[in-house]
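These numbers come from a predicted model, not from an experiment.
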Amino acid sequence: MAFQLGDDASTGMNEINLIPLIDIMLVLMIIFLVTATVINPSVPLNLPKTSAQVNEAPPKVIQVSIDKDGKIFWDDAGISLAQLNTRFAEQGKLSETPSIQLRVDKDSRYDTVAQILATASENKLTKIAFVSE
């Protein structure tokens, strides 16, 4: 008597187990990646030559503020319009004119702002920025 496995002895195995082949392929790929980086540790690059110049420091910033009562402040110190005119004249004579940041209260009179702008313009201070919050 013959020994028989399964239902029909004439049918063969139709499926191939691919898991061991995939495992071998992954191991070979990891080995290839490790050896490729050891063989060629750096990539030779021909980088362009540049001639960079040193950036100059930004010009001095003067903060002029006007409160709701029309009082004028140089940074945090209160000054009059005449004192502001003399300080603007001193700053206008410098080789590199500073920039002015003008902070004005929303309830302030426009007349004071116009006087400060005219004073700055007379003293050749043209870099004026209005600061708001």
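- Summarising the local packing, CD1 of Ile19 is surrounded by 12 or fewer heavy atoms from other residues, nucleotides or ligands at distances under 6.0 Å.
- Placement of Phe130 and Ile100 within a single hydrophobic cluster is found when ILVMFWY residues are connected by side-chain heavy-atom separations under 4.5 Å, directly or transitively.
- The closest donor-acceptor contact from the side chain of Asn123 to the backbone of Leu125 lies at 3.5 Å or more, if one exists at all.
- Using modelled atom types, no side-chain atom of Ser108 and backbone atom of Val104 make a donor-acceptor pair closer than 3.5 Å.
- Glu96 places none of its side-chain heavy atoms less than 4.5 Å from the side chain of Lys60.
- A chain of hydrophobic side-chain contacts below 4.5 Å, direct or via other Ile, Leu, Val, Met, Phe, Trp or Tyr residues, connects Trp74 to Leu81.
- Atom-to-atom distance recorded for Ile22:CD1 and Asn17:CG is 9.0 Å, nearest 0.5 angstrom.
- Here Asn85 contributes atom CG and Ile116 contributes atom CD1; the two are 11.0 Å apart, rounded to the nearest 0.5 Å.
- If you take CZ on Phe73 and CG on Leu84, they are separated by 12.5 Å, rounding to the nearest 0.5 Å.
- Interatomic distance, Gln115 CD to Tyr110 OH, rounded to the nearest 0.5 Å: 11.0 Å.
- Ser121 places no side-chain N or O within 3.5 Å of a backbone atom of Leu117 that could act as its donor or acceptor partner.
- Distance alone, capped at 3.5 Å, places no donor-acceptor pair between the Glu122 side chain and the Thr119 backbone.
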Task: Residue pair Arg87, Ile79: steps toward the side chain to side chain contact (heavy atoms under 4.5 Å, CB included) verdict - done: CA-CA 10 Å; Arg87 288 193 183 183; Ile79 60 172; 4.1 Å; yes
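- Thr112 places a side-chain heavy atom less than 4.5 Å from the side chain of Ile72.
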Open item on the list: Using side chain to side chain contact (heavy atoms under 4.5 Å, CB included), reason through Asp111 and Arg109 one step at a time and then give a plain yes or no.
Closed with: CA-CA 5 Å; Asp111 181 43; Arg109 292 180 46 111; 4.0 Å; yes
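- The local environment of CG in Asp76 is sparse, with at most 12 non-hydrogen atoms from other residues, nucleotides or ligands closer than 6.0 Å.
- For the residue pair Ala120 and Ile128, the shortest heavy atom distance occurs at CB-CD1, 3.9 Å.
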Got a list of side-chain donor-acceptor pairs under 3.5 Å for residues 62-69, not counting sequence neighbours?
{"unit_1": "Gln63", "atom_1": "NE2", "unit_2": "Gln101", "atom_2": "OE1", "d": "3.4"}
{"unit_1": "Asp67", "atom_1": "OD1", "unit_2": "Asp69", "atom_2": "N", "d": "3.3"}
{"unit_1": "Asp67", "atom_1": "OD1", "unit_2": "Gly70", "atom_2": "N", "d": "3.2"}
{"unit_1": "Asp67", "atom_1": "OD1", "unit_2": "Lys71", "atom_2": "N", "d": "2.7"}

